[in-house]
Amino acid sequence: MIGIYGGTFNPVHFGHLRTALEVSEMFGLQQLRMIPCRRPPHRGQPEVAADMRLAMLELACADTPGFYADRRELDREGPSYMVDTLASLRMEHPQSGLLLFVGLDAFAGLTAWHRWQSLFDYAHVVVMTRPQFVAAELPVFLRQRLCTDSGQLRQQPAGLLFFQTVTALDISATRIRALIGAGRSPKFLLPDAVIGYIRHHQLYLSSEQDIECKQN
Ligand code: ATP
């Protein structure tokens, strides 16, 4: 089975990477493809260019076998719709099980995604939850696809919804950007190689720091 983990990754951090590793091991994935969004349909354009967000993901994935930073959304014009991404992966892997991993916050907005019901034509959707999470009332379409036995995900290549408990680390890219903007260290929240890239390219600095860096 192939895992798909999408996001803005502005920047990628250990909250993403730890959950990605856990689900890779739990589901015995052959590959876990982390796919940065070039133009997010449901939020403002990230201030850091997609090719830089991809470069940080490449650094973060480099040491982990089976992890790939996937550039396909960078090569597509227009908004980066997940349904198009899944369709392209399905063309490349007609027989494989595809698992789309989403965090609870992303899942809460799923029914607003472009052609959201078609996601299930191409992949299973696995929601990464906290322990003791209880799924609130799901729309009928989702309830009909809900499965509680992960073994079922192997029996068909797409079409099911599954909730998987993972270790939730309280880390967000927003907080990391704020720390750097305030001149504080983001160490231990994301890989050192990614911190090195951020420093080298002077990303996420407040405008004051930016001026100082340019002067020095
Ligand atoms: P931002 O703070 O900029 O909104 P983020 O840290 O939430 O960013 P995204 O790139 O928006 O990261 O998230 C991509 C995916 O990773 C989403 O499915 C989201 O639910 C999940 N995710 C984000 N942070 C964590 C975390 N700490 N633990 C587990 N999953 C996470």
Side-chain angles (χ1 to χ4, degrees), residues 3-27 29 32-61 64 67-74 79-83 85-86 98-114 116 119 123-133 135-136 142 161-182 184 186-191 194-195 197-198 203-204:
I4 299 126
Y5 199 124
T8 41
F9 301 118
N10 186 30
V12 60
H13 55 67
F14 286 139
H16 303 128
L17 293 164
R18 180 65 215 168
T19 48
L21 181 64
E22 286 187 11
V23 296
S24 289
E25 289 181 339
M26 283 169 190
F27 294 97
L29 300 179
L32 192 278
R33 308 200 72 86
M34 303 195 76
I35 310 187
C37 190
R38 186 180 69 88
R39 227 182 89 193
H42 297 288
R43 57 194 290 175
Q45 186 62 24
E47 64 280 19
V48 169
D51 60 338
M52 291 185 136
R53 291 182 280 114
L54 175 74
M56 291 189 273
L57 264 180
E58 283 168 347
L59 291 169
C61 290
T64 311
F67 274 32
Y68 298 92
D70 184 316
R71 62 167 294 119
R72 76 189 60 225
E73 293 193 357
L74 275 62
S80 307
Y81 292 126
M82 182 50 79
V83 69
T85 299
L86 295 183
L98 297 183
L99 299 184
L100 171 64
F101 293 98
V102 293
L104 258 187
D105 54 335
F107 178 67
L110 188 88
T111 58
W113 290 15
H114 181 62
W116 69 273
L119 298 170
H124 300 302
V125 175
V126 178
V127 187
M128 300 177 292
T129 64
R130 289 168 190 269
Q132 275 96 49
F133 166 77
L142 292 178
L161 172 68
F162 187 76
F163 288 85
Q164 176 63 57
T165 303
V166 292
T167 305
L169 299 178
D170 193 8
I171 302 175
S172 75
T174 304
R175 172 109 181 95
I176 291 171
R177 294 194 299 273
L179 278 177
I180 299 171
R184 289 166 59 193
K187 201 164 163 60
F188 309 128
L189 296 175
L190 69 173
V194 177
I195 296 178
Y197 184 95
I198 290 171
L203 305 181
Y204 311 121

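Counting starts at 1 for both ligands and their atoms, in listed order. Scope of the values below: all heavy atoms of this structure, side chains included, with no hydrogens, waters or symmetry mates. Nothing here was measured: the structure is a model prediction, and the numbers come from that model.
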Side-chain donor-acceptor distances from residues 169-180 under 3.5 Å, at least two apart:
residue, atom, partner, partner atom, Å
Ser172, OG, Arg175, N, 3.1
Thr174, OG1, Arg177, NH2, 3.4
Arg177, NH1, Asn10, O, 2.8

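Contact residues of ligand 1 (protein heavy atom closer than 4.0 angstrom to a ligand atom; sorted by chain and number): Tyr5, Gly6, Gly7, Thr8, Phe9, His13, Gly15, His16, Thr19, Arg43, Val102, Gly103, Asp105, Ala106, Leu169, Ile171, Ser172, Ala173, Thr174, Arg177.
The structure places CG of Leu100 at 8.0 Å from CG of Leu110, a figure rounded to the nearest 0.5 Å. To the nearest 0.5 Å, atom CD1 of residue Ile195 and atom OH of residue Tyr197 are 15.0 Å apart.
Using cut-offs of 30° and 60° on the angle between ring planes, the pair Phe101 and Phe27 is tilted. Aromatic ring orientation, His13 versus His16: parallel (interplanar angle below 30°, classes split at 30° and 60°).
A 4.5 Å side-chain heavy-atom check between Pro11 and Tyr204 finds at least one atom pair inside the cut-off.
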